[in-house]
Amino acid sequence: MLDLVILSLHFFMCFLISLVIWYGSKDKDLHNVSKGTVEMEHDALVYVGKEDDIKKSQRITTKVNGREVVVFYHEGKFYAMDARCYHAGGPLHLGDIEDINGQSCIICPWHQYKITLETGEGLYQAINPLEPSPTPRWLSKGVKQRIHKVTVDNGNIYVSPPDLSVSFDSDYYADKYKSNGDFTVEK
């Protein structure tokens, strides 16, 4: 019986030590932004760049917790989403931004899929053939692209890490390109 108690205490101590090491290593895992990586902040926000720099370039690509993310500055607002299109993994950082039905959308350069910057919805045009003179209308496919919350604080731009408890179609390509380490265009 004493052996069982000692063994249980040993496993419990090992568990506590592993927790201390795991939590302690997060604070020491800071990277320099100038080297193309991002810096973790205390409140789990990820620093991605200076506000003025992103405003000038209109968009940047970065990694947030190993995931490729593109941050856009468009018409006075910042947006962030997974950098690969939900449809076939197209590089959204190379797409054009257009106003579609009153919504700012990124157009995937590979297959021209339209994704709203605000919500990540996929848009498509449809007609009702039963109407006497069918008029194309923009409709939503639902949220397909993971959107990341952007925070502006004192001239710095931060992106919240993704909440992976909810899945989106873009997660497939985000995971596929996660280990790639760069933003090379593959088709």
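Heads up: numbering here begins at 1 and tracks the sequence. Just so you know, these numbers use all the heavy atoms, side chains as well, and skip hydrogens, waters and symmetry mates.
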- Message: Clusters formed by hydrophobic residues whose side-chain heavy atoms approach within less than 4.5 Å: which one holds Leu117, and what are its other members?
- Response: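 When side chains under 4.5 Å apart are linked, the cluster holding Leu117 also contains Val70, Phe72, Tyr79, Met81, Tyr86, Leu92, Ile97, Ile106, Tyr113, Ile115, Ile147.
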
Within the 4.5 Å heavy-atom criterion, are [X] and [Y] side-chain neighbours or not?
X      : Y      : answer
Arg84  : Ser170 : no
Ile157 : Ile60  : no
Glu51  : Phe78  : yes
Val46  : Tyr158 : no
Ser160 : His148 : no
Asp171 : Asp82  : yes
Gln103 : Glu121 : yes

- Gap separating the CD atom of Gln58 from the NE2 atom of His93, nearest 0.5 angstrom: 15.5 Å

Looking only at non-hydrogen atoms, find the nearest pair between [X] and [Y] and report the distance.
X      : Y      : value
Ile54  : Tyr73  : O-CB, 4.0 Å
Asp99  : Ser104 : OD1-N, 4.2 Å
Cys108 : Gly90  : SG-CA, 3.8 Å
Cys85  : Tyr173 : O-CD1, 3.5 Å

- Item | Cluster link Ile127 to Tyr124, ILVMFWY, side chain under 4.5 Å | no

- Task: Please check if Leu139 and Ile100 belong to a single hydrophobic cluster, counting links between Ile, Leu, Val, Met, Phe, Trp and Tyr side chain heavy atoms closer than 4.5 Å.
- Result: no

- Can you tell me which residue pairs pass the side-chain hydrogen bond (donor to acceptor under 3.5 Å, both in side chains) test with a partner in residues 125-135, sequence neighbours excluded?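 Qualifying pairs, neighbours excluded: Glu131-Arg137.
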
- Any cation-pi pair here, Arg146 with Phe168, using under 6.0 Å and within 45°?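 The answer is no, since Arg146 fails at least one limit relative to Phe168.
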
- Query: Can Val71 and Val159 be said to form a side chain to side chain contact (heavy atoms under 4.5 Å, CB included), step by step?
  - Reply: CA-CA 9 Å; Val71 179; Val159 173; 4.0 Å; yes

- Between Thr116 and Glu118, does a side-chain hydrogen bond (donor to acceptor under 3.5 Å, both in side chains) hold up when you go through it step by step? CA-CA 5 Å; Thr116 64; Glu118 186 83 34; over 6 Å; no

Backbone N or O of [Y] within a donor-acceptor pair of the [X] side chain at under 3.5 Å?
X     : Y      : result
Lys63 : Lys178 : yes
Arg59 : Gly95  : yes
Asn65 : Arg67  : no

- Only counting residues at least two apart or in another chain, list the ones meeting salt bridge (Lys or Arg N to Asp or Glu O under 4.0 Å) with Asp169.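 If we apply the salt bridge (Lys or Arg N to Asp or Glu O under 4.0 Å) test to Asp169, skipping adjacent residues, the hits are Lys144.
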
- Residue pair Thr151 / Asp153, side-chain donor-acceptor N/O under 3.5 Å: no

